[in-house]
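The block underneath contains the structure these notes are about, expressed in C-alpha cells.
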Protein chains: 2
Amino acid sequence: MKQELHAMNDEKAVEIFKALSNQTRLNILQMLKNAETNFSAQAHVIKEADFEGGVCVSDIHKKTGTSQSTTSQYLSILLQSGLLETKRIGQWTYYRRNEEMIKQFSQYIGLNL
Amino acid sequence: MKQELHAMNDEKAVEIFKALSNQTRLNILQMLKNAETNFSAQAHVIKEADFEGGVCVSDIHKKTGTSQSTTSQYLSILLQSGLLETKRIGQWTYYRRNEEMIKQFSQYIGLNL
DNA sequence: TCGGTATATCGTTATTTGCCGATATGTAAA
DNA sequence: TTTACATATCGGCAAATAACGATATACCGA
C-alpha cells in the first residue's frame with residue numbers, strides 16, 4: 001500500500017488553525033505566496049537558489065501595520081506551526097512559505113473536516 | 001463569466017479558523033461527520049428527511065468531556081461560524097454539519113492559502 | 001572596536017478564550 | 001398546572017492572546 005508520510009494529526013491541525021485565527025498572520029502567509037509581486041524590487045526577496053521566495057522581517061513588517069516586535073512574534077508563531085520556514089543570512093532573517101506543510105494541511109481539511 | 005456565489009472572504013475564514021482552533025470543537029465537527037456511527041442507536045439522531053444527520057445537544061455533550069454549558073457554547077460558536085446548522089424539534093435542539101459551508105471553506109484553503 | 005542595522009525577547013496591559021456551576025427558559029408529560 | 005427534562009444564558013475566574021515600547025542580541029561595515 002502507498003504510505004502517506006507526515007500525515008497530519010488533529011493536534012497539529014489545531015495548532016495551525018490557531019496560527020491562522022488572526023487576520024494579520026493570515027495576511028502574512030498570503031503575501032508570501034507571491035513574494036516577488038507583493039514585495040518591491042528593493043525589498044530583500046531572495047532570488048538565489050539559496051532560499052528562494054524568502055522575505056526578510058523588516059520588509060514583512062512594513063506591510064503588516066503592526067510593530068516590529070509583533071511582526072517578529074507572529075512570524076515565529078507561523079514558523080512554529082510549520083507553515084513557514086526560515087533562514088538567517090547575514091544580518092537578515094528570511095521567512096518563506098513551507099509549501100509542503102501547507103499542502104498537507106489543505107489535504108487534511110479535504111479529508112478530515 | 002461564471003459567478004461564484006457565496007465565495008468566502010478572509011474575514012469569514014478567520015472566524016472559521018477561530019472556531020476550529022480548539023480540540024473539542026474540532027472533534028464535534030468530525031464526530032458529526034458520521035452521526036449514525038458515532039452516536040448510538042438510542043441517541044437522538046434524526047433519520048427523517050426533516051433534519052437528517054442532526055444530533056441533539058445532550059448526546060453531543062456525552063461525547064465531549066466538557067460540561068453541558070460548555071458544550072452548548074461550543075455548538076453556538078460553530079453555528080455562528082457557519083460550520084453547523086441547527087433546528088429545534090420538541091424539547092431537543094439538533095445540530096448537524098453545514099456541508100455547503102465546509103466545502104466552501106475547503107475550497108478557500110485550496111485557493112487562497 | 002564602535003556604531004548602525006536587523007531581529008528577537010522581555011515586561012506590560014487590555015482583551016479574549018476556556019471552562020465551570022448556577023440559574024433561567026422552553027417544552028413535554030403526568 | 002406542577003414536574004421533569006433539554007438547552008441556553010449568566011457570572012465568574014484562570015489562562016491565553018493581542019499588541020506595544022523598551023531593551024537585548026547578533027551581525028556588519030568603517
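Each chain gets a letter, A, B and so on, in the order the sequences are listed, and its residues count up from 1. Only this structure's heavy atoms are used, side chains among them; waters, hydrogens and symmetry mates stay out.
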Between C1' of D:dC20 and NE2 of A:H61, the distance in whole Å: 12 Å
Close approaches to DNA chain C from residues 62-85 of chain A, in residue order (heavy atom, under 4.0 Å): A:Q68, A:S69, A:S72
Any residue meeting side chain to side chain donor-acceptor pair (under 3.5 Å) with A:N98, in chain and number order, not counting sequence neighbours: none
Spacing of A:I28 atom CD1 relative to D:dA19 atom C1', expressed in whole Å: 13 Å
Within residues 11-25 of chain A, residues whose heavy atoms come under 4.0 Å of DNA chain C: none
Contacts of A:K62 that satisfy salt bridge (charged side-chain N to carboxylate O under 4.0 Å, His left out) - sequence neighbours left out: A:D59
Rounded distance (Å) that lies between atom P of D:dC5 and atom CG of B:D59: 15 Å
Spacing between A:W92 atom CH2 and D:dA26 atom C1', to the nearest angstrom: 13 Å
Test ring pair (Phe, Tyr, Trp, His ring centres under 6.0 Å) applied to A:F105 - qualifying residues, sequence neighbours left out: A:F17
Contacts of type side chain to side chain donor-acceptor pair (under 3.5 Å), residue A:Q73, not counting sequence neighbours: none
Residues that B:Q91 engages under side chain to side chain donor-acceptor pair (under 3.5 Å), provided they are two or more places apart: none
Pairs satisfying salt bridge (Lys or Arg N to Asp or Glu O under 4.0 Å), at least one member in residues 103-113 of chain B, at least two apart: B:E100-B:K103
Between C1' of C:dT27 and CD of B:Q91, the distance in whole Å: 6 Å
A:E15 and A:K12 ion-paired at < 4.0 Å: yes
Partner residues of B:T66 under the side chain to side chain donor-acceptor pair (under 3.5 Å) criterion, sequence neighbours left out: B:T64, B:T71
